[in-house]
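One structure below.
Residue indices begin at 1 and follow the sequence shown.
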Amino acid sequence: MPTILPGATLGVMGGGQLGRMFVHAAQRLGYFTAVLDPDAASPAGLVSHHHVQTAYTDPAGLEQLARLSAAITTEFENVPAQALEALAATRPVAPGGPCVAIAQDRIQEKAHFSACAASSGVGCAPHAVIRTEAELQAVADALLPGILKTARMGYDGKGQVRVKTREELTVAWNELQRVPCVLEKMLPLLAECSVLVARGFDGQMVGYAPQRNVHVNGILAVTHAYPGCLPAELAARAEAATRAIAQQIGYVGLLCVEFFVVEGPQGLDLVVNEMAPRPHNSGHHTIDACDHSQFDLQVHAMAGLPLPQPRQHSPALMLNLLGDIWFDAKGRERTPDWAQVLALPGTHLHLYGKTEARRARKMGHLTVTGADLASVQATARQCATLLGLPGLDT
Ligand code: ATP
Ligand code: MG
């Protein structure tokens with residue numbers, strides 16, 4: 001594939017915050033950008049040179065995006081895989097439709113992880129696929145208590161029901177309209193972590209050290225990214241597994257793989273949870289703490305530019321800013337006190353330009369960097385207190 005140089009236009013399917021940060025990275029390098037998103041006020045559409053405002057499957061919209069763009073990427077995994085395949089008929093698309101199709105379906109995703117287990121060294125949680133009444137009846141008791149997850153369209157804990165008994169499982173599957181699901185055994189998690197890698201069209205791969213993630217109510221709250229945030233041996237295993245998972249499907253672009261840390265027979269063990277075929281919330285610290293961010297690498301990979309091995313220059317803590325902090329104790333809307341937060345050293349505030357704050361909606365994030373971990377932790381604690389953010393003490 002020929003290198004696409006700055007001055008060309010890069011396209012992205014989806015106009016959310018990940019698309020917005022992709023647009024920022026592409027524009028800084030001198031590219032023009034095109035975003036396809038139906039929403040007139042989408043975070044990425046607002047900052048892009050071109051905004052194709054149609055549905056993701058609209059043939060005219062897809063044609064317009066392909067006409068504008070020299071290469072196309074995606075910022076969310078639920079983009080219809082056929083749309084990516086239609087675009088791929090005339091333009092380089094990274095990641096490709098088949099890779100995105102695996103990531104959008106937990107059944108295929110788990111099959112891919114299992115197929116990789118021999119080379120990745122990491123398996124997935126014990127689980128069963130439920131598509132029919134017979135499969136529901138055949139579920140082993142050992143999978144309970146468990147989490148029933150819809151195979152498709154889940155994010156931020158949506159489309160998931162925790163079940164303790166077979167009766168609850170049946171009720172939950174009925175409530176989910178009996179769509180294809182995966183029942184996963186509930187594991188006692190000691191921690192969660194994720195790994196970001198970027199892979200080029202030529203198979204070259206670079207990546208970041210794994211980060212440790214804290215979720216609150218099924219949504220990422222805090223990311224710890226500094227040496228020692230995970231035991232070194234465990235981090236090395238997670239990194240190797242992520243590379244195997246990317247390699248085996250010929251992935252091109254930026255990939256994030258999420259893992260659980262559990263107690264195994266011989267000490268700490270890893271379980272692979274899911275993958276995101278795009279930059280990830282747990283990689284946002286790379287903007288302020290690394291010389292190349294995950295969005296820079298997304299741009300490099302899709303444009304066929306060389307992939308530099310990124311270097312983290314500061315320890316970092318990332319705090320997610322959900323819509324909840326836009327409401328006071330009485331439920332009245334307010335603006336968080338940004339001035340106090342910005343007065344602290346090493347705070348990097350990112351707001352996504354969403355006009356309406358809603359509880360559990362990702363409105364922005366705050367990355368704290370510093371010369372040493374102790375100062376980063378102290379500042380992050382101050383920010384969490386000022387803004388009322390959870391998850392820092394886990
Ligand atoms: P996102 O796409 O936002 O990462 P999601 O909705 O796709 O989330 P998962 O990553 O499957 O959902 O699960 C969300 C969180 O729920 C996990 O990060 C973890 O904290 C918890 N969880 C999920 N599966 C299990 C499990 N089998 N055992 C214990 N906890 C789990
Ligand atoms: Mg997840």
Side-chain angles (χ1 to χ4, degrees), residues 76-81 95 97-118 120-189 192-195 213 215 217-220 238 241-242 244-246 248-249 251 255-262 264 269-278 280-282:
F76 72 125
E77 60 261 46
N78 292 324
V79 53
C99 289
V100 176
I102 294 172
Q104 30 183 239
D105 185 325
R106 285 187 198 279
I107 298 172
Q108 285 191 51
E109 187 177 56
K110 284 199 159 36
H112 171 53
F113 291 153
S114 302
C116 287
S120 75
V122 177
C124 27
H127 64 279
V129 171
I130 300 177
R131 287 163 303 200
T132 62
E133 182 64 34
E135 284 175 335
L136 175 74
Q137 296 307 330
V139 161
D141 287 333
L143 292 179
L144 295 168
I147 307 186
L148 186 66
K149 303 181 178 182
T150 58
R152 305 179 70 86
M153 302 304 269
Y155 71 98
D156 289 348
K158 294 188 177 70
Q160 300 197 1
V161 189
R162 297 182 175 215
V163 292
K164 291 198 201 71
T165 61
R166 302 192 82 89
E167 292 67 41
E168 284 181 16
L169 172 62
T170 304
V171 171
W173 194 46
N174 286 336
E175 275 169 8
L176 293 172
Q177 312 293 320
R178 298 167 82 91
V179 295
C181 283
V182 171
L183 175 69
E184 254 178 63
K185 186 178 171 63
M186 176 74 88
L187 300 176
L189 309 187
E192 298 188 58
C193 65
S194 58
V195 185
N213 302 319
H215 293 77
N217 300 324
I219 306 179
L220 182 67
T242 302
I245 285 165
Q248 202 142 321
I249 44 173
Y251 190 88
L255 176 75
C256 178
V257 181
E258 296 177 23
F259 297 90
F260 298 144
V261 181
V262 295
D269 238 339
L270 283 172
V271 168
V272 54
N273 174 28
E274 58 174 359
M275 64 182 193
R278 51 167 172 81
H280 194 259
N281 196 166
S282 66

Legend entry - Worked verdict on H127 versus K149 for side chain to side chain contact (heavy atoms under 4.5 Å, CB included): CA-CA 10 Å; H127 64 279; K149 303 181 178 182; over 6 Å; no
Inset, instruction - Using modelled atom types only, decide if a donor and an acceptor are shared between the side chain of R278 and the backbone of C256 within a distance under 3.5 Å. - result: no
Legend entry - Result of checking H280, E258, H112, E77 against M275 for side-chain contact (heavy atoms from CB on, under 4.5 Å): H112
Inset, instruction - Would you name the heavy atoms of E184 and F260 that are closest together and state the gap between them? - result: OE1-CE1, 4.2 Å
Inset, instruction - Output all residues satisfying side-chain contact (heavy atoms from CB on, under 4.5 Å) with N174, sequence neighbours left out; order by chain, then residue number. - result: T170, R178
Legend entry - Partner residues of Q160 under the side-chain hydrogen bond (donor to acceptor under 3.5 Å, both in side chains) criterion, sequence neighbours left out: none
Legend entry - Over all atoms of both residues, closest heavy-atom pair of N273 and K110: O-NZ, 4.0 Å
Legend entry - Expected output: side-chain N217 to main-chain I219 donor-acceptor under 3.5 Å: no
Inset, instruction - Decide yes or no for P277 and P95: does some side-chain heavy atom of the first lie under 4.5 Å from some side-chain heavy atom of the second? - result: yes
Inset, instruction - Would you mind reporting whether L144 and T165 have side-chain heavy atoms less than 4.5 Å apart? - result: no
Legend entry - Under 3.5 Å donor-acceptor, Q104 side chain and V79 backbone: yes
Inset, instruction - Heavy atoms only: give me the nearest S194-N213 pair and the separation to one decimal. - result: OG-ND2, 2.9 Å
Inset, instruction - May I ask you to decide if V179's main-chain N or O and W173's side chain share a donor-acceptor pair within less than 3.5 Å? - result: yes
Inset, instruction - Mind running side chain to side chain contact (heavy atoms under 4.5 Å, CB included) on L183 and I147 for me, showing each step along the way? - result: CA-CA 6 Å; L183 175 69; I147 307 186; 5.9 Å; no
Inset, instruction - Run through D269, T242, V272 and flag the one making a side-chain contact (heavy atoms from CB on, under 4.5 Å) with V122. - result: V272
Legend entry - Results of salt bridge (Lys or Arg N to Asp or Glu O under 4.0 Å) for E135 - residues two or more places apart only: R131
Inset, instruction - Kindly compute the distance separating CD (Q137) from OG1 (T132), expressed to the nearest 0.5 Å. - result: 9.5 Å
Legend entry - Partner set under salt bridge (Lys or Arg N to Asp or Glu O under 4.0 Å) for R162, not counting sequence neighbours: none
Inset, instruction - Could you tell me which non-hydrogen atom of I107 sits nearest to which non-hydrogen atom of P180, and how far apart they are? - result: CD1-CB, 4.2 Å
Inset, instruction - Taking salt bridge (Lys or Arg N to Asp or Glu O under 4.0 Å) as the test, write out the residues that go with E109, two or more places apart. - result: none
Legend entry - For the student: nearest non-hydrogen atoms of F259 and A238, plus distance: CZ-O, 3.6 Å
Inset, instruction - Identify, with sequence neighbours excluded, every residue that meets side-chain contact (heavy atoms from CB on, under 4.5 Å) alongside P126. - result: L143, K185, L187
Legend entry - Which atom of V261 lies closest to which atom of C193, heavy atoms considered: CG2-SG, 4.4 Å
Inset, instruction - Drop me the distance from M153's CE to N78's CG, to the nearest 0.5 angstrom. - result: 4.5 Å
Legend entry - Side-chain heavy-atom pair E168, V161 within 4.5 angstrom cut-off: no
Legend entry - Pairwise side-chain contact, P98 with I249, heavy-atom cut-off 4.5 Å (strictly under): no
